[in-house]
There are 2 protein chains.
Amino acid sequence: MGKPPTIADVASLAGVHKATASRALNPRTSDQVNAKTARRVLMAAKRLGYQPNALARSLRTNRSATLGVLIPDLTNPLFPLVVRGIEDTIGAHGYTALLANTDNDPLRTQTQFDALLSRKVDGFLIASAMRDDPLLTRVAEQGIPVVLINRTTDAPLFPAVTGDDEAGVATAVEHLVGLGHRHIAHLSGPATVSTGLVRAQAFHHAIAAHSLPEVVVECASYSESAGAAAASCLLEEHPETTAILAGNDMIALGVLQALSERGLDCPREISLIGFNDMLFVDKLTPPLTTVHVPHHRLGAEAAQLLLDQLAGADSTPKRVSLPLRLVVRGSTGSAC
Amino acid sequence: MGKPPTIADVASLAGVHKATASRALNPRTSDQVNAKTARRVLMAAKRLGYQPNALARSLRTNRSATLGVLIPDLTNPLFPLVVRGIEDTIGAHGYTALLANTDNDPLRTQTQFDALLSRKVDGFLIASAMRDDPLLTRVAEQGIPVVLINRTTDAPLFPAVTGDDEAGVATAVEHLVGLGHRHIAHLSGPATVSTGLVRAQAFHHAIAAHSLPEVVVECASYSESAGAAAASCLLEEHPETTAILAGNDMIALGVLQALSERGLDCPREISLIGFNDMLFVDKLTPPLTTVHVPHHRLGAEAAQLLLDQLAGADSTPKRVSLPLRLVVRGSTGSAC
DNA sequence: GACGATAACGCAATCGATTGCAGCCACGCA
DNA sequence: TGCGTGGCTGCAATCGATTGCGTTATCGTC
C-alpha cells in the first residue's frame, strides 16, 4: 500500500548505488556490471516487485516507447482490426499504442494530437488524414515520425500504407460489366479525403475504358445516413441505374436502406458493391459483395514502417499499396 | 525543427523565473502572480507555441491526467461505444484514456496492465474482469482507483457499472413465454465471467417461475464460433427446443449460423433472442430481437464514478445497475 | 615494488515542471 | 525613522531514472 519501490530502494536493498542498479536492470548496459552484482540487483528488484517508472525514464531518455494512433471513428468496425494489426506489431518491439478518436473533427483532432504530443509519443500512426490537412503540414515541420494509414495527403509528406484502391475499383467495375450492367453509378466518399477522390478517379477510368456513361454522387461522409441520402438522390435522377459501387461499406448500408424504402430488390433490380469488407457485411441480406481490404495488415505494415523509421532507417516517404480483392457474395447479379 | 520550447524558454523570453512562469501558466496558481506579469508570460508561451511536457509534470505531481482502460476485445462492436462514453466523459475533465486490448488473455492482461501502471495512470476502467481475477485482487491491495464495467468480480472489491442483467433476462423470457414457448434454452456465456453466470442464474429463476424445463448449454467464449458449437450441441440433444436465449449477440450470430446449416428457419421454427444490441444486429436476417444495453452510458457512468473517486469522494464500492430493455425485432415469433 | 591497463562501480548532472520557503520591495502606520 | 504587512517573485529541492566521467580496486607485467 506504500508507494511503489523506486530504483533507489532496489539499489539500497542490493547494497549498490542507483547507477549500478540502473545498469544492472537494463539489458543493454548490464555487461558493464559484475555478473554477481547484477544478480543481486535482479533479486532485489524481484523481491520488491520493482517496476521502473516509465515517466521518469522517458523524461531522461526523451523516448517513451509509446506511439500515438489517430483513428477517425472507432465505431467503424474497420478500425479495431487495424488497431489490432498495429498492436500486434509494435507490442513485439516493446512499444505501446496510445489510441485517440478524432471523430473526423479537425478541432478534436488537434486537441487529441496535442495531448499525445505532450505525452512525448515517439511517433504517430494516422488513419484520419484529410487530403489537405493543416495539422499534418504543421506536423511535418516538427520532424516527428509519422506514417499514414489508409488515407493519404495530397502532398507526399509522409510514408503511407493504403489499399490499392485503383485496382480494387477496377475489378469491381469489371465484375459488374461482366454481369451485363451498363448503367453503373458510384456513390463516392467525400472528396476531402484521399480514398474518396482516388476511388472516384479510378471509377472514372474504369468506366471510360468501357465507354459507359459515368454517374457519380458524392456522399457527405462515410456514413450510413449520408449513403442513404446520396442513394435517394441518385435513384431519383438516374432511374436507369442497375448497379451501384459504394464508396465504402457504410455507404453501402445506406444504399440498402434506401433500396428497401423504395421497394427495390437487391440484387434482382439493383446490384451493389461495397468497399472494405468490414465485419458483419457477410451477414447482411443479401450478403454484401465488396472489395476486401486487409485491415490487419494495413495496421501491421504501417506500424512496421514507423518502427523502421524510429530505428533510424532512411525516411524517404515511401508509399506501400496493399493488394485488394473482390469478394463476390449475394448483392450482385446479372443485369435484367 | 529544434527541440520544443520548455518552460525555461518561456520564462526567459518573458524575463521572469521558471517558477513564476509555471505559476502564471497554471490557472490554479495564476492569482499568485501579478496580472501584468502573467500576461507577459502567456504571450511568451503563445509566441513560442509552448506545450507543457506532461511527463515532467506527472513525475513531479504524481498525477498524469490519464486513465487506463482495459477492454477484452475491441473488435466486439459493443466496446467502441463504451469507449466513446468514457472519452466523452473524461475528456471534459481534462483526462485522456489509454486503451488496451486484453484479448481475454490473462497474460496479456497482466502485461498491458503493468504497462499502464508504469505510465502512472491515475486510475483504471476495466471491462475485462473475470469473476475470480488474480490481477484484480492484487490491484485492490495497491490502492489504485478502479471502476469495473459490465463485468464484476465475485468479491466486491471495486465499484462497478453493469446492466441489470437480471431484469433483462426476465423480460426476455417473459416475451418468449408470452409467445407460447415452453421449451426455452439458454446458451450461456462462460461461467468464469460474471455476465455469464448472472444471466444463467437469472434464466434459472425466470424459467422456474413458469415451471418450465430448464436447458442451459455453456459456451466456451463470447464468440460466434463458440455459439455455433453450443447451438449444434443443443439442437442435437434437445430437438424439442423452440426458443433460444443467447448469452450475447455474438453467440446469437453463431446460433443463426447453426440454424441455417440445419435448415431450421428463424423465427418460424426457432425463436432467438440476443443480448447487448450491438451494432448491425438490426440488419441481420431476421433482424435480431435482443436486450438493449446502453453502451455509451455504461462507459460514461463508469468514468464518472472513477472521476468522483479521483476527486476524493467516498470510495465505498457502490454498484450501479443500468436499466435494460428488450428490443423486439424479427427473430422471435409465436411457438407453433 | 612501481606502473599501466582494465573492470566495476559511485558521483553528480540532467531531463522539465512544481512548490515550500524565503527574500525583496513598497506601503502604511505609529 | 522604524516596523509590520502583504503582494510578488526567486531559489532550490524534488519527482525517478539515465549516463558521462572520474575513482577505486584488482591484476599482470617488467
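All chains are named by letter (A, B, ...) in the order of the sequence lines, taking the proteins before the strands, and each is independently numbered beginning at 1.
- Of the possible donor and acceptor atoms, one in the side chain of A:R108 sits under 3.5 Å from a partner among the backbone N and O of A:N101.
- With respect to A:D103 and B:R84, a salt bridge is recorded, a charged nitrogen being found less than 4.0 Å from a carboxylate O.
- In this entry the distance linking CD of A:Q51 with P of D:dA17 reads 11 Å, nearest Å.
- Residue B:R63 is classed as having no contact, given no heavy-atom separation below 4.0 Å to the nucleic acid.
- Following rounding to the nearest Å, A:N53 (CG) and C:dG16 (P) show an atom-to-atom distance of 16 Å.
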Apply the test side chain to side chain donor-acceptor pair (under 3.5 Å) to residues A:Y95 and A:T89: give CA-CA distance (whole Å), side-chain angles for both, the deciding distance (0.1 Å), then the verdict.
CA-CA 9 Å; A:Y95 281 85; A:T89 302; over 6 Å; no
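- Looking at the side chain of B:T61, the nearest of the listed nucleotides C:dG10, D:dT9, C:dT19 is C:dT19.
- Here A:T20 reaches the OP1 or OP2 of C:dG10: one of its side-chain N or O atoms lies under 4.0 Å away.
- Counting only heavy atoms from C-beta on, B:R57 has its side chain closest to C:dA17 among C:dT19, D:dG16, C:dA17.
- Taking every side-chain heavy atom of B:I7 into account, C:dT18 is the closest of C:dT18, C:dT19, D:dA17.
- Within 4.0 Å (heavy atoms only), A:T6 reaches sugar-phosphate atoms of the nucleic acid but no base atom.
- With hydrogens and angles disregarded, a donor-acceptor distance shorter than 3.5 Å links the side chain of B:T66 to the backbone of B:S64.
- Minimum interatomic distance between B:N150 and B:T162 (heavy atoms only, all atoms of both residues): O-CG2, 3.4 Å.
- Taking atom CG on A:L59 and atom C1' on D:dT19, their separation rounds to 14 Å, with Å as the unit.
- Less than 6.0 angstrom separates the ring centroid of A:F113 from the ring centroid of A:F124.
- Ranking C:dG20, C:dG10, D:dG16 by closeness to the A:V16 side chain, first place goes to C:dG10.
- Between A:R40 and the phosphate of C:dC9, there is no side-chain N or O to OP1/OP2 separation shorter than 4.0 Å.
- The nucleotide whose nearest atom lies closest to any side-chain atom of B:R60 is, among C:dG20, C:dG16, C:dT18, C:dT18.
- When rounded to the nearest whole Å, the span between CG of A:L48 and C1' of D:dG16 equals 15 Å.
- Candidate nucleotides C:dA17, C:dC9, D:dG10 were compared by shortest atom distance to the side chain of B:H17, and D:dG10 ranks first.
- Between C:dT18, C:dC11, D:dC11, one nucleotide has an atom nearer to the side chain of B:K18 than all others, and that is C:dT18.
- Distance from the side chain of A:T37 is smallest for C:dC9 among the nucleotides D:dT18, C:dC9, C:dT18.
- The separation between B:K36 atom NZ and D:dT9 atom P is 12 Å, rounded to whole Å.
- Residues B:A21 and B:N62 each lie close to DNA chain D; by heavy-atom proximity, the contact nearer the 5' end of the strand is made by B:A21.
- Atom CD in A:Q32 sits roughly 12 Å away from atom P in D:dT18 (whole-Å rounding).
- The distance between atom CG of B:D9 and atom P of C:dC15, rounded to the nearest whole Å, is 11 Å.
- One can place CZ of B:R23 at 20 Å from P of C:dG16, the figure rounded to the nearest angstrom.
- Looking at the side chain of B:N34, the nearest of the listed nucleotides D:dC15, D:dC8, C:dC9 is D:dC8.
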